[in-house]
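Read the structure below first, then the notes.
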Amino acid sequence: MIQITLPDGSVKDFQSGSTPMDVAISISEGFARNVISALFNNKTVETTTPLTENGTLTLFTFNDVEGKKTFWHSSAHVLAQAITSFYPNVKLTIGPAIENGYYYDVDLGDNVISDKDFNDIEQKMLELARGKYEFKMREVSKEDALNFYKSQNNQYKVELIENLTDGEITFCDHSDFTDLCRGGHIPNTGLIKAVKVMSVAGAYWRGDEKNNQLTRVYGISFPKQKMLIEYLELLEEAKKRDHRKLGKELELFAFSAKVGQGLPLWLPKGAALRDRLEQFLKKAQKKAGYEMVMTHIGQKELYVTSGHYEKYGEDSFQPIRTPKDGEEFFLKPMNCPHHCEIYNNKPYSYKELPKRFAEFGTVYRYEQSGELHGLTRVRGFTQDDAHIFCTPDQLDKEFKDVIDLVLYVFKSLGFEDFTAQVSLRDKENKEKYIGSDENWEKAENAILNATKEKGLNYVVEYGEAAFYGPKLDFMVKDALGRSWQLGTIQVDYNLPERFDLNYKGADNQLHRPVMIHRAPFGSMERFIAVLLEHTGGKFPLWLIPEQVIILPISEKYQKYAENVLHLVENSEIRALVDDRNEKTGRKIRDAELNKIPFMLIVGEQEEKDGTVSVRKQGEGDLGAFTVNEFISFLNKEINSTLEQF
């Protein structure tokens with residue numbers, strides 16, 4: 001007998017050789033019908049894998065992230081088989097699951113796959129799925145695996161196998177199809193009921209431009225046709241909310257080929273929006289004791305000292321060489337080394353700590369042109385950066401205070417669905433990081449303890465830490481259920497050592513401060529992109545570029561409209577007058593399309609009574625208000641959407 005521990009802590013006895021599916025059936029036959037994959041002792045296994053030792057078992061359905069990964073990885077095998085049926089000489093490479101669906105990279109030789117071929121591939125996939133072919137894993141010797149793919153003249157699989165160790169190589173078989181695979185599949189192809197080939201793109205083998213260019217075929221699949229329909233509807237809504245489309249329509253930002261890729265130009269409305277976000281955070285930071293600083297580009301030696309040059313030198317722009325021999329500067333890739341030098345500008349006593357230096361600092365990183373995407377992936381961006389230098393005893397409180405600040409930002413901007421991710425270093429691959437094990441353990445424990453004590457819903461991810469320290473990232477879900485990383489807090493014992501930072505303690509000796517890196521927005525560009533897509537351009541009332549538009553029904557009431565404008569602007573309400581020679585209905589439609597929250601319609605009756613007819617975007621008429629009544633009403637609306645820090 002073996003003992004199987006389930007996620008709820010319960011322990012059950014089973015015959016040795018029982019499978020995860022046997023365990024699922026023992027729980028509930030209805031539940032078992034939905035189980036598609038499993039995790040045994042932290043290793044992904046099939047539901048048919050015999051269990052021969054005691055261990056912890058987690059069962060997954062399609063509703064679980066791990067279940068989706070298994071479902072989509074299995075579907076990638078079926079996609080590869082379908083492609084092979086149309087292109088027998090194709091060379092298969094890799095086909096992983098991704099956040100939404102999967103892809104398979106293939107070398108088609110002189111052949112081409114276009115959207116005209118998508119339907120044929122989909123129909124072939126469904127035909128294969130209906131065969132209900134079982135996914136079966138088998139171990140293969142390195143020699144046999146190499147011979148198999150050499151016989152197919154597939155240099156890509158040969159290269160992968162050459163980097164593997166004999167005894168850890170497995171093939172997956174289904175139907176008459178075989179693929180190199182480490183495992184993790186659904187029971188059989190019959191679970192795949194709906195498929196869609198989404199797109200094709202070029203991709204270099206192993207992401208290296210020096211290697212052959214392959215064809216990457218993207219797809220997605222579901223256990224029900226209804227799920228596919230709902231997903232495609234969601235994609236259509238996402239297209240409407242695309243920040244690039246909305247940014248152009250709302251005249252927020254633009255790009256110019258002459259200026260350069262990945263360098264956004266902020267238009268007047270966009271610049272004003274950014275300024276309001278900055279002022280919002282600066283106000284909160286001032287209350288929390290932050291001091292604003294400013295920095296510029298830096299010498300190469302600065303980033304060598306910090307470690308950024310070693311870790312990110314290739315992702316930086318090429319150095320700027322001055323006429324002075326050997327003098328090199330870099331466009332600033334990070335703000336933290338500069339803030340370390342600001343701290344080093346004078347000696348500090350423990351009584352003067354913590355010091356909190358904040359900066360809306362623009363940084364530059366060289367991203368490959370193929371990876372640039374609107375505002376979410378750019379080459380120049382502004383971080384709402386701050387660095388806190390504190391004593392070890394102050395670390396816990398300071399870290400929790402930063403969590404409070406991040407939560408205040410999210411709540412004020414309508415991000416209510418989020419999880420926290422504690423990103424720790426990969427303990428098996430320590431060469432990626434700087435600093436001692438002792439410092440890393442102290443930093444990781446500080447983050448874990450503060451996160452638990454604040455009651456955050458969090459997950460732990462190994463290998464996702466910054467090179468100088470662990471971090472707490474906030475994963476925010478938008479209105480369409482997509483997850484974005486916004487806001488980060490990091491604990492750092494290493495940069496204070498590299499920059500020889502210190503303070504004089506109560507014992508009159510020099511001690512090393514702890515450094516907290518934090519950015520509630522992350523970057524202004526990315527944050528605004530996500531906010532645009534989350535709100536569909538309907539920003540919170542306190543933030544939106546134009547809160548009110550005044551619509552005179554004819555030229556006769558233009559002067560009264562201007563008087564109303566002056567009154568509301570004197571109350572710091574952002575407004576404008578639509579004085580175009582258009583019918584009122586057209587003006588209302590345009591205001592709706594431009595997502596202006598309130599329309600004030602003025603005509604003969606309004607001028608006579610000293611009132612305005614108020615219309616709310618998306619809701620319709622609210623009735624007549626005096627101007628003062630409307631100002632009071634609007635201020636209450638604004639305050640209801642802006643939390644107090």
Side-chain angles (χ1 to χ4, degrees), residues 237 240-243 245-252 267-270 272-273 276-277 280 412-414 479 528 531-643:
E237 180 60 27
K240 296 176 188 174
R241 291 171 175 256
D242 190 312
H243 75 276
K245 173 177 175 287
L246 291 174
K248 184 175 182 179
E249 291 173 356
L250 299 177
E251 298 180 1
L252 299 178
L267 307 178
K269 290 181 182 179
L273 176 75
R276 279 190 289 279
L277 283 170
F280 156 74
S412 295
L413 288 156
I528 289 172
L531 187 60
L532 265 170
E533 299 201 4
H534 177 59
T535 63
K538 295 182 181 180
F539 295 113
L541 187 55
W542 66 268
L543 180 63
I544 199 160
E546 291 155 347
Q547 297 166 319
V548 172
I549 188 166
I550 303 162
L551 311 178
I553 64 172
S554 73
E555 287 184 22
K556 286 178 16 179
Y557 308 106
Q558 180 71 27
K559 186 174 180 180
Y560 180 60
E562 296 289 346
N563 290 338
V564 172
L565 175 67
H566 294 319
L567 288 171
V568 296
E569 285 185 333
N570 285 341
S571 295
E572 297 186 352
I573 292 170
R574 296 185 291 279
L576 73 159
V577 174
D578 186 346
D579 57 3
R580 295 176 300 159
N581 186 24
E582 296 282 358
K583 291 182 179 180
T584 304
R586 172 64 184 274
K587 292 181 179 182
I588 291 173
R589 282 194 300 275
D590 289 347
E592 290 273 356
L593 288 172
N594 288 323
K595 299 177 173 59
I596 300 176
F598 289 95
M599 291 156 263
L600 307 184
I601 301 167
V602 295
E604 181 179 3
Q605 191 64 45
E606 287 78 18
E607 184 179 43
K608 179 181 176 183
D609 297 340
T611 61
V612 291
S613 290
V614 180
R615 184 181 179 91
K616 190 172 184 180
Q617 198 260 348
E619 294 185 19
D621 294 328
L622 300 184
F625 289 67
T626 67
V627 177
N628 286 335
E629 286 173 342
F630 174 72
I631 290 170
S632 177
F633 166 78
L634 190 63
N635 283 329
K636 286 180 182 177
E637 291 272 307
I638 292 169
N639 291 333
S640 70
T641 64
L642 181 58
E643 296 293 319

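In terms of heavy-atom proximity, A561 sits nearest to V577 at O-CG2, 3.9 Å. Minimum heavy-atom separation, V612 to E606: CA-CG, 3.9 Å.
Residues satisfying the salt bridge (charged side-chain N to carboxylate O under 4.0 Å, His left out) criterion with E249, sequence neighbours excluded, are K245. Under the rule for a side chain to side chain contact (heavy atoms under 4.5 Å, CB included), N581 has no partner lying at least two apart in sequence or in another chain. For A272, the side chain to side chain contact (heavy atoms under 4.5 Å, CB included) partners at least two apart in sequence or on another chain are R276. With sequence neighbours excluded, the residues satisfying side chain to side chain contact (heavy atoms under 4.5 Å, CB included) with H243 are F253, H373, L375, T376, A529, L532, E533. With sequence neighbours left out, the ring-ring contact (aromatic ring centres under 6.0 Å, His included) criterion links F539 to no other residue. Legend: residues meeting side chain to side chain contact (heavy atoms under 4.5 Å, CB included) with N628, ordered by chain and number and at least two apart, are T626, I631. In this view, F625 and F633 satisfy the ring-ring contact (aromatic ring centres under 6.0 Å, His included) rule, not counting sequence neighbours.
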Query raised in the report: What do the steps show when you test V548 against F630 for side-chain contact (heavy atoms from CB on, under 4.5 Å), and what is the final call?
Result: CA-CA 11 Å; V548 172; F630 174 72; 3.8 Å; yes
Requested in this report: Starting from the C-alpha separation in whole Å, work towards a yes-or-no answer on side-chain contact (heavy atoms from CB on, under 4.5 Å) for V614 and L600.
Outcome: CA-CA 5 Å; V614 180; L600 307 184; 3.8 Å; yes
Report task. Any chance you could lay out the side-chain contact (heavy atoms from CB on, under 4.5 Å) test for H534 and L413, step after step, and finish with the verdict? Result -> CA-CA 10 Å; H534 177 59; L413 288 156; over 6 Å; no
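For the atom pair NZ of K616 and CD of E637, the computed distance is 4.5 Å after rounding to the nearest 0.5 Å. Rounding to the nearest 0.5 Å places CG of L267 at 11.5 Å from CG of L273. For the atom pair I601 CD1 and T584 OG1, the distance stands at 7.0 Å (nearest 0.5 Å).
Although no hydrogens or angles enter the test, the distance criterion places a donor-acceptor pair under 3.5 Å between the side chain of R574 and the main chain of P545. No donor-acceptor distance shorter than 3.5 angstrom exists from the side chain of W542 to the backbone of F280, with no hydrogens or angles considered.
Contact check for L543 versus L531: side-chain heavy atoms found under the 4.5 Å cut-off. Contact check for K587 versus P552: side-chain heavy atoms found under the 4.5 Å cut-off. The shortest side-chain heavy-atom distance between V602 and I553 does not fall under the 4.5 Å cut-off.
One finds a salt bridge joining E237 and R241 here, because a Lys/Arg side-chain nitrogen approaches an Asp/Glu carboxylate oxygen to under 4.0 Å.
Pairs of residues two or more places apart, or lying in two chains, that qualify as salt bridge (charged side-chain N to carboxylate O under 4.0 Å, His left out) and include a residue from residues 540-554 are K269-E546. Listed by first and then second residue, the ring-ring contact (aromatic ring centres under 6.0 Å, His included) pairs that reach into residues 573-596 come to none, sequence neighbours excluded. Here salt bridge (charged side-chain N to carboxylate O under 4.0 Å, His left out) pairs that include residues 547-573, with residues two or more places apart or in two chains, number zero. Applying the ring-ring contact (aromatic ring centres under 6.0 Å, His included) test to residues at least two apart or on different chains, none of the pairs has a partner in residues 546-593.
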Using atom types as modelled, flag every donor-acceptor pair under 3.5 Å from a side chain in residues 588-599 to any protein atom, sequence neighbours excluded.
residue: D590; atom: OD1; partner: R586; partner atom: NE; Å: 3.3
residue: D590; atom: OD2; partner: R580; partner atom: NH1; Å: 3.0
residue: D590; atom: OD2; partner: R580; partner atom: NH2; Å: 2.9
residue: D590; atom: OD2; partner: R586; partner atom: NE; Å: 3.2
residue: E592; atom: OE1; partner: Q617; partner atom: NE2; Å: 3.4
residue: E592; atom: OE1; partner: G618; partner atom: N; Å: 3.2
residue: E592; atom: OE2; partner: G618; partner atom: N; Å: 3.4
residue: N594; atom: ND2; partner: D590; partner atom: O; Å: 3.1

